[in-house]
Number of protein chains: 2
Amino acid sequence: MEDTPARLADKPSWLLTQLAVHAHRLASEGFVEAGARGYHYRVLAALDEFGVASQAELGRRCNMDRSDVVAAVTELEEKGFVERTQDPKDRRRNMVMVTELGRTQLCRLDRALDQAQDDLLGPLSAQERQTLTRLLGVLLTHHQRG
Amino acid sequence: MEDTPARLADKPSWLLTQLAVHAHRLASEGFVEAGARGYHYRVLAALDEFGVASQAELGRRCNMDRSDVVAAVTELEEKGFVERTQDPKDRRRNMVMVTELGRTQLCRLDRALDQAQDDLLGPLSAQERQTLTRLLGVLLTHHQRG
DNA sequence: ATGTGTATGTTGGTGGCGCCAACGTTGGCG
DNA sequence: CGCCAACGTTGGCGCCACCAACATACACAT
């Protein structure tokens, strides 16, 4: 493999985005086997943790655009992983609810994702993993406000 | 902002990919003002550092698919930032060369990118920045072989 | 020299993710 | 009542990563 330009190789944003590619690939490998993708996992995870939610709520929790939530929920609904019913209290909203089948799927995706984390952080010690996670967390929360 | 699911929030791959979104956004903001995008910067940086190169070489250096190199070089050529000539020693190859105008553009992009790094790492101390960069580097080089 | 395999450039297409504009419906509030 | 805001939905866009197929041209063994 030829050397990559130093201008890139030492820039945090380069390291970050390139490593994110690997992270996405590792996670995706497990997801595709289950016929899913990242958006599906996010929605299922949010529903499992917080219960019934409107699509707008899901979008805010999962950092997804409203329009993308529509597609994801529709796909999940077609596979029987969620149910979508109109909220009687507010006829603008849909109440999205995870099904038993959906929870099963979520477990499956969880296992794949845990495996991906291990693969991703392979060469790091437990200490280093914790440090990395902490630093990334600091930066992410910082950038989610400004 | 509603809470994001814990399943996501504490997963390194989530932190990584979400932060990469911010990194990409910060970099892009500067790039679009110059009428460029990431692929253009990569190619220009490689040409500036290693001189004339074939497109396949550029692809390997910059982690880009051959077909994407074609598009990027074509766009850079249209703007006068690179020149593409056939290699007389190997008529399969194109020799891609950065122009003076291209170097100017590269400098402009460099400034934008440096600004993006600062914005990205804002809340971190110099020490922490170095630690983060090191850990990311370890992981990236690890995943570029397996 | 001939054939086989491989590298290169090119075209065209796919998918995930993030994002935006517009529209109709519905609720909330002055 | 009228205005504004929120919601779901449709349709579209851009960037990035990736793949398959093809024609050309080189490299090498036989």
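All values below come from the heavy atoms of this structure, side chains included, with hydrogens, waters and symmetry mates left out.
Following rounding to the nearest Å, A:Arg93 (CZ) and D:dC7 (P) show an atom-to-atom distance of 5 Å. Whole-Å rounding puts the A:Glu75 CD to C:dG15 P distance at 12 Å. Between B:Met64 atom CE and C:dT8 atom P the separation is 15 Å, expressed in whole Å. To the nearest angstrom, C1' of D:dC16 lies 13 Å from CZ of B:Phe31. Protein atom CH2 of B:Trp14 is 11 Å distant from nucleotide atom C1' of C:dC17, rounded to whole Å. Between the CG atom of A:Leu58 and the C1' atom of D:dC7 there is a distance of 13 Å, rounded to whole Å. The CZ atom of B:Arg84 sits 15 Å away from the P atom of C:dT8 (whole-angstrom rounding). The nearest whole Å value for the distance from the CD atom in A:Gln55 to the P atom in C:dT26 is 16 Å.
The base-pairing partner of C:dG30, taking Watson-Crick or G-U wobble contacts with both distances under 3.5 Å, is D:dC1.
An OP1 or OP2 oxygen of C:dC17 is reached within less than 4.0 angstrom by no side-chain nitrogen or oxygen of B:Arg25. The side chain of A:Gln18 places an N or O atom within less than 4.0 Å of a non-bridging phosphate oxygen (OP1 or OP2) of D:dA17. OP1 or OP2 of D:dC16 has at least one side-chain nitrogen or oxygen of B:Arg37 nearer than 4.0 Å. Using a 4.0 Å cut-off, no side-chain N or O of A:Arg60 falls inside it from OP1 or OP2 of D:dA6. The phosphate of D:dC18 has neither OP1 nor OP2 within less than 4.0 Å of any side-chain N or O from B:Asn63. The phosphate of D:dC16 (OP1 or OP2) has a side-chain N or O of B:His24 nearer than 4.0 angstrom.
For B:Gln130, the CD atom counts as loosely surrounded, since its 6.0 Å shell holds 12 or fewer non-hydrogen atoms of other residues, nucleotides or ligands.
Just one of B:Arg66, B:Arg84, B:Arg93, B:Arg60 meets the side-chain hydrogen bond (donor to acceptor under 3.5 Å, both in side chains) condition when paired with B:Gln55; it is B:Arg84.
Listed here is the closest heavy atom pair of B:Gln105 and B:Ala34: NE2-O, 3.2 Å.
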| task | Start with the C-alpha gap between A:Ser13 and B:Gln117, add the side-chain angles, then the distance that decides, and say whether side chain to side chain donor-acceptor pair (under 3.5 Å) holds. | result | CA-CA 7 Å; A:Ser13 70; B:Gln117 306 304 308; 2.7 Å; yes
| said: Assess the residue pair B:Leu106 and B:Val98 against the criterion (side chain to side chain contact (heavy atoms under 4.5 Å, CB included)); give the C-alpha distance rounded to whole Å, side-chain angles, the decisive distance to 0.1 Å, and a yes or no. | reply: CA-CA 10 Å; B:Leu106 180 57; B:Val98 62; over 6 Å; no
| query | Could you go step by step and tell me if B:Glu75 and B:Arg37 meet the salt bridge (Lys or Arg N to Asp or Glu O under 4.0 Å) rule? | reply | CA-CA 11 Å; B:Glu75 289 155 8; B:Arg37 56 199 177 91; 3.0 Å; yes
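Hydrophobic clustering keeps B:Val69 apart from B:Phe50 (ILVMFWY residues linked when any side-chain heavy atoms are closer than 4.5 Å, directly or through intermediates). In the hydrophobic cluster analysis, where Ile, Leu, Val, Met, Phe, Trp and Tyr join through side-chain heavy atoms closer than 4.5 angstrom, A:Val21 is grouped apart from A:Leu19.
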Show the distances under 3.5 angstrom between N or O atoms of the protein and N or O atoms of nucleotides 24-27 of chain D.
residue : atom : partner : partner atom : Å
D:dA25  : OP1  : B:Arg91 : NH2          : 3.4
D:dC26  : OP1  : B:Arg91 : N            : 2.9
D:dC26  : OP2  : B:Arg91 : NH1          : 3.4

Nucleotides 19-22 of chain D: which of its N/O atoms have a protein N/O under 3.5 Å away?
residue : atom : partner : partner atom : Å
D:dC19  : N4   : B:Asp65 : OD2          : 3.3
D:dC19  : N4   : B:Ser67 : OG           : 2.6

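Across all strands shown, B:Ser54 has heavy atoms under 4.0 Å from sugar-phosphate atoms exclusively, and none from any base. The residue A:Val21 sits close only to the backbone: its heavy atoms come under 4.0 Å of sugar-phosphate atoms, none of a base.
With rounding to the nearest 0.5 Å, the separation of CD in B:Gln144 from CG in B:Leu140 is 4.0 Å.
Toward the 5′ end of DNA chain C lies the nearest nucleotide of B:Asn94, the other residue of the pair B:Asn94 and A:Ser28 mapping further downstream.
When atom types are taken as modelled, the side chain of A:Asn94 and the backbone of A:Val96 share no donor-acceptor pair closer than 3.5 angstrom.
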